[in-house]
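The sequence lines fix the lettering, A, B, ..., with proteins before strands; numbering per chain opens at 1. In this text, all values refer to a predicted model and were calculated from it rather than measured experimentally.
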Protein chains: 2
Amino acid sequence: MLTSSQQQLLRVISQSGPSSRTVLAASMGLSKAAMSGIARDLISRGVLRETETIYGQGRPSILLDLHPEGAFFGGISLLEDPAPLVLSDFNGNIVARQTMPLSRDPDIIAEMIADTLPKLLAECKDASRKLSGLGIALSGFVDEKQASCVKSTLLGWQDVPLAGIIRQKTGIATFIENDAKAVAVSEKLFGNARDVQNFSVVSFDDGIGCAHFIGGKLYRGNHGGAGEIAHCTIEPNGSPCRCGKRGCLDTIASLKAIKETAKAEGLSCQSLDELETEASLGNAAAIRVLHRAGSALGLAIAHLIQFNDPGLILITHVEGRFDGLFGTVMQQAVEANVLPRYAGQTPIRTQRVDGDVWARGAASIAAHNFLIGPNPY
Amino acid sequence: MLTSSQQQLLRVISQSGPSSRTVLAASMGLSKAAMSGIARDLISRGVLRETETIYGQGRPSILLDLHPEGAFFGGISLLEDPAPLVLSDFNGNIVARQTMPLSRDPDIIAEMIADTLPKLLAECKDASRKLSGLGIALSGFVDEKQASCVKSTLLGWQDVPLAGIIRQKTGIATFIENDAKAVAVSEKLFGNARDVQNFSVVSFDDGIGCAHFIGGKLYRGNHGGAGEIAHCTIEPNGSPCRCGKRGCLDTIASLKAIKETAKAEGLSCQSLDELETEASLGNAAAIRVLHRAGSALGLAIAHLIQFNDPGLILITHVEGRFDGLFGTVMQQAVEANVLPRYAGQTPIRTQRVDGDVWARGAASIAAHNFLIGPNPY
DNA sequence: AACAATAAGTTCAGAAAATGAACAAAGCAA
DNA sequence: TTGCTTTGTTCATTTTCTGAACTTATTGTT
């Protein structure tokens with residue numbers, strides 16, 4: 001379909017953002033002449049397009065970028081019921097949305113997707129012709145090929161080859177991925193981290209997830225377990241965690257843990273926001289809870305910075321606020337626990353995201369496979 | 001000099017070890033026909049050679065590997081005085097060795113190297129013709145291009161463009177690197193991690209260093225600071241560290257810290273080995289010191305596993321033993337602090353290394369640049 | 001306003017590299 | 001022996017890339 005140079009060009013653009021032909025040629029080690037032809041071809045296929053014109057000395061350069069309607073990807077989140085199914089264009093815009101009932105049976109899931117997909121595609125002309133992949137986000141561990149779910153406590157799965165089952169039912173290339181990793185990919189391809197080669201996304205929710213991009217590529221780890229900061233020990237001999245050990249970050253700083261701790265402290269707060277309000281009114285118990293959680297999360301992030309020296313930490317959250325005590329304490333804990341020389345050198349951005357993050361993330365997994373493809377040398 | 005396919009072939013072989021032409025062709029996405037020519041050419045140039053013959057069904061396959069004498073690299077360690085200068089072949093064997101007095105003045109260092117290099121090359125015929133790069137290992141932070149030392153407390157440097165100075169004096173491509181990262185590279189290219197794509201090396205010495213290989217490439221981090229586990233906070237509000245914060249791993253588990261703690265505990269031990277002996281005789285203070293250090297190192301390594309899920313952790317040490325209480329406690333601490341599901345899944349190897357590790361590591365940095373080169377897409 | 005100067009992007013003939021298909025080579029299995 | 005299987009080679013053909021000259025679009029300068 002696409003030549004390897006064309007693939008490579010898409011890869012480079014998706015990794016370094018819109019660039020001129022000359023820049024792209026240089027960064028791919030090709031001549032301007034070769035780039036001219038490759039770009040012309042991809043533009044005529046509708047995959048690339050010219051966007052901005054940059055004026056400098058000499059003839060202005062024209063930036064090439066992915067064409068929003070060059071390819072479409074389906075994304076399904078298995079984290080909610082009903083499960084959302086979205087259709088994303090090449091820019092990460094959601095152009096169609098459906099839902100389907102969640103099931104734990106992979107065959108039923110596949111059938112549901114096969115049933116719902118036509119409805120989704122009907123919402124957007126062109127999309128069915130250019131549908132280039134499906135992505136599924138789920139809570140759990142996924143194998144290296146992004147084909148099989150090794151283990152999901154939430155879904156009660158062990159070694160379920162979900163991608164293959166769906167591919168068979170729908171005939172479309174399908175990839176599955178862990179929820180946090182899917183969000184990281186969507187931030188890289190479509191979001192706030194397009195031009196950052198090395199960064200980590202921390203997803204703050206009822207649980208805490210994390211994923212790393214290293215060298216412009218999702219780093220999954222040797223067993224798909226890279227980024228499992230939730231079960232990093234923060235309080236040795238702390239309270240027991242459902243994972244079997246003690247004092248995990250997850251038992252202290254996750255939204256669920258914060259709510260539970262608040263309840264145990266006799267507070268009646270139902271949400272992080274309420275807790276923040278209480279704390280701002282001087283409620284000592286609320287302050288204590290938020291302080292403990294913020295310090296814990298900050299310490300874990302500091303470790304992350306010390307260990308991996310990322311160019312950016314992106315904290316995504318659906319609920320909650322990061323501009324209150326919790327966020328402030330977290331920031332302070334980060335600063336206090338990284339090498340003073342590096343303190344403040346790693347930008348930490350918090351970003352509120354809507355409920356479709358997971359589905360959009362799932363779609364981006366398909367896009368990532370389309371663009372970056374299997375590990376090239 | 002070499003075509004990009006030839007470069008790529010060297011890269012693939014150095015990353016996945018000796019392989020047959022057919023396997024190499026497949027993993028590079030080329031036809032057998034193309035591989036045939038590329039391999040022939042590299043063999044005739046003396047860069048590759050045929051090694052083992054593997055018998056199976058059908059015609060046996062012949063493995064291709066780097067020719068030990070295909071290229072030579074110089075390596076200099078600025079961590080000792082006198083500084084060792086070694087000449088390494090393509091297999092990491094040290095074929096010649098010299099020393100030179102250490103200086104803090106980059107110009108004098110460059111001059112010393114230029115003076116000593118001819119003596120080194122004289123020890124091995126062919127080498128001067130095939131010398132393909134110089135590598136320098138030092139304690140401190142190095143910039144992305146491996147050209148400039150951003151900061152070295154030991155040498156008292158800040159933004160010293162050492163590589164350029166040496167290149168100018170010697171006319172040979174020169175790269176500098178942090179000590180731990182250099183060791184990691186030599187383990188990947190020449191040592192025990194040749195076939196592992198993702199691993200971390202922890203160098204245990206007077207200080208604690210660490211470096212990551214991710215996706216078959218050295219990961220340096222956004223400011224060259226990836227792997228700085230020495231200043232990860234292990235005991236919040238612990239004793240002050242020279243870095244400015246408190247409770248760093250370095251203040252608890254480095255060889256230096258262990259010796260100092262032992263002294264503060266009133267023990268007269270001069271080395272880790274003596275301390276182990278004392279502990280085995282039941283000396284409570286010795287046991288306490290080793291236990292604390294082992295737990296700390298184990299916890300840090302557990303974090304490393306949780307965060308990055310490497311395929312291997314390699315602990316290198318010049319002095320000391322890892323088969324005593326210290327090592328045992330460390331292992332236990334690792335097991336206790338990783339997700340139970342993953343406990344024991346990450347091999348941890350300890351490896352005693354000789355005093356030339358740094359110089360050999362430095363040489364491997366040059367080899368790494370020759371083989372893997374600047375970041376390709 | 002005319003005229004360099006500068007750099008981006010294009011064109012095209014020629015060079016380089018990769019492919020496909022047929023084939024030689026080196027074993028195993030029966 | 002005779003197939004069978006798989007590796008590796010050969011070579012004409014096709015694909016892809018390059019180099020050099022050229023066109024284009026702009027800024028800066030007289």
Report task. Tell me whether the OP1 or OP2 atom of C:dA7 has a side-chain N or O from A:S61 closer than 4.0 Å. Result -> no
Query raised in the report: Want to settle it: does A:S5 or A:Q57 sit nearer the 5' end of DNA chain D, counting the closest nucleotide to each?
Result: A:S5
Query raised in the report: Testing B:N93, B:I94, B:L131, B:L117 for side-chain contact (heavy atoms from CB on, under 4.5 Å) with B:L87, which one passes?
Result: B:L131
Query raised in the report: Tell me: CD of A:E52 to C1' of C:dA8, nearest whole Å?
Result: 16 Å
Requested in this report: Indicate whether any N or O donor in one side chain lies under 3.5 Å from an N or O acceptor in the other, for B:N198 and A:N222.
Outcome: yes
Contacts under 3.5 Å, N or O only, protein and nucleotides 11-15 of chain C:
residue : atom : partner : partner atom : Å
C:dT11  : OP2  : A:R40   : NH2          : 3.2

Query - Length of the line joining A:I54:CD1 and C:dA8:P, which is rounded to integer Å - result: 12 Å
Report task. Using atom CG of B:L63 as one end and atom C1' of D:dG8 as the other, report the distance to the nearest whole Å. Result -> 14 Å
**Report entry** Rounded distance (Å) that lies between atom P of C:dA29 and atom OH of B:Y55
**Finding:** 14 Å
Report task. Nearest whole angstrom, please: distance from the C1' of D:dT6 to the CD1 of B:I62. Result -> 12 Å
Query - Euclidean distance, A:S5 OG relative to A:I38 CD1, rounded to 0.5 Å - result: 4.5 Å
Query raised in the report: How do B:G56 and B:R59 order along DNA chain C: which one's closest nucleotide is nearer the 5' end?
Result: B:R59
Query raised in the report: Between A:F213 and A:Y219, is the ring centre distance below 6.0 Å?
Result: no
Query - Interatomic distance where CD belongs to A:E50 and P belongs to C:dG9 [whole Å] - result: 8 Å
Requested in this report: May I ask you to verify if any side-chain N or O of B:T22 is less than 4.0 angstrom from the OP1 or OP2 atom of D:dG8?
Outcome: yes
Query raised in the report: Side chain of B:K130, backbone of B:E69: donor and acceptor closer than 3.5 Å?
Result: yes
Requested in this report: Answer with base, sugar-phosphate or nothing: what part of the nucleic acid does A:S31 contact at a heavy-atom distance below 4.0 Å?
Outcome: base
Report summary line: Rounded to whole Å, the CZ-P distance (B:R21 to C:dA26) equals 12 Å
Report task. Would you kindly check if the NZ (Lys) or CZ (Arg) of B:R167 is within the cone defined by 45 degrees around the ring axis of B:F175 and under 6.0 Å from the six-membered ring centre? Result -> yes
Requested in this report: Please confirm whether A:F90 and A:F190 have ring centers closer than 6.0 angstrom.
Outcome: no
Requested in this report: Give the rounded distance in Å between these two atoms: CG of A:D41 and P of C:dT10.
Outcome: 13 Å
